[in-house]
Participant: 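First the structure, which I've put down as structure tokens, then a few questions once you've had a look.
Keep in mind that what you see is a predicted model, and the values were worked out from it rather than measured. Because only heavy atoms are used, hydrogens play no part in the values below, and waters and symmetry mates are left out as well, while side chains stay in. The chains referred to below are lettered A, B, ... by the order of the sequence lines, with proteins before strands, and numbering in each begins at 1.
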Protein chains: 2
Amino acid sequence: MAGSDTRRRILDTALAAFGRDGYAGTSLDALAAELGVRKQTILYWFPSKFDLFEAVVDDTADDLADAFDEVAASGLAGLDQVQAIVDRVFRLAVHRPQVLGLVREVTRPESPTASRLGVRIRPLYDRARDFLMREMEAGRIRRSDPAMLLLSLYSAVVGMVTELEVQRTVGFEPTLRSTVMRRRELMRFLRAALTPENPAPAGS
Amino acid sequence: MAGSDTRRRILDTALAAFGRDGYAGTSLDALAAELGVRKQTILYWFPSKFDLFEAVVDDTADDLADAFDEVAASGLAGLDQVQAIVDRVFRLAVHRPQVLGLVREVTRPESPTASRLGVRIRPLYDRARDFLMREMEAGRIRRSDPAMLLLSLYSAVVGMVTELEVQRTVGFEPTLRSTVMRRRELMRFLRAALTPENPAPAGS
DNA sequence: CCCCTTGTCTACCAGTTGGTAGAGACAATG
DNA sequence: CATTGTCTCTACCAACTGGTAGACAAGGGG
């Protein structure tokens, strides 16, 4: 059936376009041209531009959830689990950068779809927070407010992966090698931030 | 002279609009309506929408540079200096959130103005990196690649301040109180990440 | 063979986009 | 008073926006 294939192609190309140019910056005409199809074909599969966007967001949420499930299934503990997640996110950034671009677009203030992604991501968030809490109890991760710590982690990881332009203007060309370096440095940073304090910490 | 006042008002309102809705999402008509003025008045002061955007970016770069100069002038050392910068960024986020919104817009991949902001920000970057390097030498900050560490810091701080939507969907309403909490948690996070290792560090 | 569904197309629409041309209000200056 | 430069306006425009209406080709089932 050629039809559902078209639908799939629209979703994939739209993901790239929305992630690259944002919702407002993407026109159905441009998207159609990129697909080698008429705009009306897009509107056949998705009743409106906004519906298309929502479908793309849902699709992406599934992808993200799968990626994290995969990591969670490995059942690692402490910082090894954190490392596994960082590795996974970086892999995603390398292979499907559009996904991160879309996340960036959706999580912008004033975004009408933020809650949509939020609802799908919420279980992952809860699971991650519980994980942090357990690991704190077990003394494998520095004690602090788990929800807040998770927010710090999220910021650091997504920022490092997303702020490509910042990195470029500052001299890091986003080659594969520099990506590896960034991941390594980020992990060192996170390990330092998460490792429980030693018996004799340095004073304030 | 009412004229230069109009120019100022356009710049301020445009900053808010671009920061809120992005470049593509902001129309000159809407901007003019918000200003209580005709679109052509905007085009009198700025030859095109893009020129306006560049002017706003330049203006914002000056603001940012001033803010950091202010902190740098205080001449603090080690983590106190880092703390002062974080405080300053959070103050900016509370009083003029549009500025960070614009930063987010400009630093998006594919942004045609990224280099424009980059050039103006570069001296600040260099100064910050030198600072980190000096403090590492002095043993007040954990040793690592200063440029990479700076990137990690940037990601964590800007992320924490910018990802309002993420925080909202996860249950943190962006009240003033929660902002204070976020800042405190972020600082604890950064202190843990930056404090030099103790004589007897935990194993890998 | 006809009919109905599926999928893509052409043709079109009203509203919005960034931008141009030029008139008029106004104050300062001669 | 006349002139000049500054500033904002009305009136347009071509191109593009998301979206509608409907034709048409292809195929499957009765």
Participant: Between T6(B) and dT8(D), does any side-chain N or O lie under 4.0 Å from OP1 or OP2?
Facilitator: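 Answer is yes, contact under 4.0 Å.
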
Participant: Considering just the side-chain nitrogens and oxygens of W45(B), establish if one lies under 4.0 Å of OP1 or OP2 belonging to dT6(D).
Facilitator: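 Looking at the OP1 and OP2 atoms of dT6(D), neither is under 4.0 Å from any side-chain N or O of W45(B).
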
Participant: May I have all residue pairs that pass side chain to side chain donor-acceptor pair (under 3.5 Å) and include part of residues 141-160 of chain B, sequence neighbours excluded?
Facilitator: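 Not a single pair qualifies under side chain to side chain donor-acceptor pair (under 3.5 Å).
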
Participant: Using the rule side chain to side chain contact (heavy atoms under 4.5 Å, CB included), only one of R104(A), R108(A), R20(A) pairs with R108(B); which is it?
Facilitator: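 That would be R104(A); it is the only one of R104(A), R108(A), R20(A) passing the side chain to side chain contact (heavy atoms under 4.5 Å, CB included) with R108(B).
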
Participant: Rounded to whole Å, how long is the line connecting atom CG of D21(A) with atom C1' of dT17(D)?
Facilitator: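 Roughly 16 Å, once rounded to whole Å.
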
Participant: Using whole Å, what does the distance between atom C1' of nucleotide dA21(D) and atom CG of L43(A) come to?
Facilitator: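 Rounded to whole Å, this separation is 13 Å.
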
Participant: Anything under 3.5 Å between a protein N or O and an N or O of nucleotides 24-27 of chain C, put it in a table, one pair a line.
Facilitator:
none

Participant: Got a sec, which residues hit side chain to side chain donor-acceptor pair (under 3.5 Å) with T113(A), two or more places apart in sequence or on another chain?
Facilitator: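 For T113(A), the residues satisfying side chain to side chain donor-acceptor pair (under 3.5 Å) (neighbours in sequence not counted) are S111(A).
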
Participant: Please tabulate, for side-chain N and O atoms in residues 95-103 of chain B, each donor-acceptor pair with protein atoms closer than 3.5 Å (sequence neighbours left out).
Facilitator:
| unit_1 | atom_1 | unit_2 | atom_2 | d |
| --- | --- | --- | --- | --- |
| H95(B) | ND1 | R91(B) | O | 3.3 |
| R96(B) | NH1 | D63(B) | OD2 | 2.4 |
| R96(B) | NH2 | D63(B) | OD2 | 3.2 |

Participant: Mind checking side chain to side chain donor-acceptor pair (under 3.5 Å) for R168(A) and listing every partner two or more places apart, or none if nothing turns up?
Facilitator: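 With sequence neighbours excluded, R168(A) shows a side chain to side chain donor-acceptor pair (under 3.5 Å) to E165(A), given in chain and number order.
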
Participant: Using whole Å, report how far CZ of F46(B) lies from C1' of dG18(C).
Facilitator: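 These atoms are roughly 16 Å apart.
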
Participant: Apply side chain to side chain contact (heavy atoms under 4.5 Å, CB included) to V119(A) and list each qualifying residue two or more places apart in sequence or on a separate chain.
Facilitator: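 Per chain and number, V119(A) pairs via side chain to side chain contact (heavy atoms under 4.5 Å, CB included) with no residue.
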
Participant: Partners of D51(A) by salt bridge (charged side-chain N to carboxylate O under 4.0 Å, His left out), sequence neighbours excluded?
Facilitator: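 For D51(A) there are no salt bridge (charged side-chain N to carboxylate O under 4.0 Å, His left out) partners, ignoring immediate neighbours.
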
Participant: Contacts to DNA chain C from residues 47-60 of chain B, heavy-atom cutoff under 4.0 Å, which residues?
Facilitator: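 Residues of residues 47-60 of chain B under 4.0 Å from DNA chain C: S48(B), K49(B).
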
Participant: Using atom types as modelled, flag every donor-acceptor pair under 3.5 Å from a side chain in residues 73-90 of chain A to any protein atom, sequence neighbours excluded.
Facilitator:
| unit_1 | atom_1 | unit_2 | atom_2 | d |
| --- | --- | --- | --- | --- |
| S74(A) | OG | V71(A) | O | 2.5 |
| Q83(A) | OE1 | R191(A) | NH2 | 3.1 |
| R88(A) | NE | E70(A) | OE2 | 3.3 |

Participant: Would you say a side-chain N or O of Y44(A) is under 4.0 Å from OP1 or OP2 of dT8(C)?
Facilitator: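 So the side-chain polar atoms of Y44(A) never come under 4.0 Å of the phosphate oxygens OP1 or OP2 of dT8(C).
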
Participant: Looking at residues at least two apart in the chain, or sitting in another chain, which of them share a side chain to side chain donor-acceptor pair (under 3.5 Å) with D58(B)?
Facilitator: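 Checked D58(B) against side chain to side chain donor-acceptor pair (under 3.5 Å); matches are R116(B), R120(B).
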
Participant: Can R182(A) and L151(B) be said to form a side chain to side chain contact (heavy atoms under 4.5 Å, CB included), step by step?
Facilitator: CA-CA 9 Å; R182(A) 263 157 45 216; L151(B) 220 50; 4.3 Å; yes

Participant: Below 4.0 angstrom, which residues in residues 22-41 of chain A have at least one non-hydrogen atom near DNA chain C?
Facilitator: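 Of all residues in residues 22-41 of chain A, the ones placing a heavy atom under 4.0 Å from DNA chain C are V37(A), R38(A), Q40(A), T41(A).
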
Participant: Just to verify, what does Y23(A) make a ring-ring contact (aromatic ring centres under 6.0 Å, His included) with, not counting sequence neighbours?
Facilitator: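 So Y23(A) forms a ring-ring contact (aromatic ring centres under 6.0 Å, His included) with F18(A), F53(A).
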
